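Right, one structure below, let's go through it.
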Amino acid sequence: NAGVMQNPRHLVRRRGQEARLRCSPMKGHSHVYWYRQLPEEGLKFMVYLQKENIIDESGMPKERFSAEFPKEGPSILRIQQVVRGDSAAYFCASSPVSDRDAEAFFGQGTRLTVV
Amino acid sequence: AQSVTQPDIHITVSEGASLELRCNYSYGATPYLFWYVQSPGQGLQLLLKYFSGDTLVQGIKGFEAEFKRSQSSFNLRKPSVHWSDAAEYFCAVKGNEKLTFGTGTRLTIIP
């Protein structure tokens with residue numbers, strides 16, 4: 001059973017371009033979480049999704065950022081018109097259920113660099 | 001609102017010495033608490049978790065943590081560190097659905 005797969009591992013974008021980050025949860029997991037880690041900081045919650053539904057997007061910036069988790073395929077975090085401040089590591093985690101005691105398994109992250 | 005404070009940004013210990021990483025949380029109800037470790041360029045790996053019951057929990061790699069409700073703390077300990085323990089350590093609290101992380105403690109091991 002493969003772990004949470006994120007790709008690409010590294011992504012370089014010029015200012016103004018779009019960045020698409022993909023996350024394939026573990027098999028059987030229907031809950032996905034996205035976190036952002038800025039240099040020298042902890043992980044900040046961005047969004048929580050179930051299949052075809054956004055459950056909690058309280059951590060998402062109001063503009064340029066969107067996320068989806070379609071019925072088929074990976075979850076996508078999309079950043080439009082990237083700026084230098086978007087440079088960070090973006091981590092995805094998945095769990096089989098939303099119970100509080102359910103462990104979240106993390107991917108290795110996508111490191112976005114905006115030049 | 002839930003929050004986690006890790007007061008130590010960076011800790012250096014000698015190989016073989018004991019270790020304690022501090023974590024204080026804020027949460028209105030019974031907290032679900034976690035410790036994760038992150039090696040450079042990697043994702044997060046769960047070390048241990050506390051939900052209820054025995055306040056001293058054992059984890060992987062020889063780590064343990066003690067939940068102290070009166071102090072709102074969940075400190076991570078290891079009796080004897082190894083060079084491979086050098087990493088970033090994150091404490092987290094889980095509310096209804098999402099994890100809230102502290103800012104992390106970077107652990108350096110010296111020979």
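Throughout, a chain's letter reflects where its sequence line sits, starting with A, and its residues are numbered from 1. These figures come from a predicted structure and were not determined experimentally.
Contact annotation for B:Leu99: both backbone and side-chain heavy atoms come within less than 4.5 Å of a heavy atom of chain A. For chain B, the nearby part of A:Ser58 is the side chain; its heavy atoms alone come within less than 4.5 Å. In this structure, the portion of A:Gln37 lying under 4.5 Å from any heavy atom of chain B is its side chain and not its backbone. Within the 4.5 angstrom heavy-atom criterion, only side-chain atoms of B:Phe90, from C-beta onward, approach chain A.
Annotation: maximal heavy-atom pairing with chain B below 4.5 Å, among A:Tyr33, A:Tyr35, A:Tyr48, occurs at A:Tyr35. Per-residue heavy-atom pair counts under 4.5 Å with chain A were compared for B:Thr103, B:Thr100, B:Ile9, and the maximum is reached by B:Thr103.
Residue A:Met60 places its CE atom among more than 12 non-hydrogen atoms of other residues, nucleotides or ligands, all under 6.0 Å distant. Under a cut-off of 6.0 angstrom, the local environment of CD1 in B:Ile60 is crowded, with over 12 non-hydrogen atoms contributed by other residues, nucleotides or ligands. Summarising the local packing, CZ of A:Arg15 is surrounded by 12 or fewer heavy atoms from other residues, nucleotides or ligands at distances under 6.0 Å. Few gaps surround CZ on A:Arg64; more than 12 heavy atoms of other groups in view lie less than 6.0 Å from it. Under a cut-off of 6.0 angstrom, the local environment of CD in B:Glu20 is crowded, with over 12 non-hydrogen atoms contributed by other residues, nucleotides or ligands.
By the rule that hydrophobic residues join a cluster once side-chain heavy atoms approach within less than 4.5 Å of another member, B:Leu47 and B:Val4 end up as members of one cluster. A chain of hydrophobic side-chain contacts below 4.5 Å, direct or via other Ile, Leu, Val, Met, Phe, Trp or Tyr residues, connects B:Leu21 to B:Tyr25.
Smallest separation of non-hydrogen atoms from A:Phe91 and B:Gln38: CZ-NE2, 3.2 Å.
Taking the side chain as every heavy atom from C-beta outward, B:Lys98 and A:Phe45 approach each other to under 4.5 Å. The side-chain heavy atoms of B:Leu44 and A:Leu43, taken from C-beta on, include a pair separated by under 4.5 Å.
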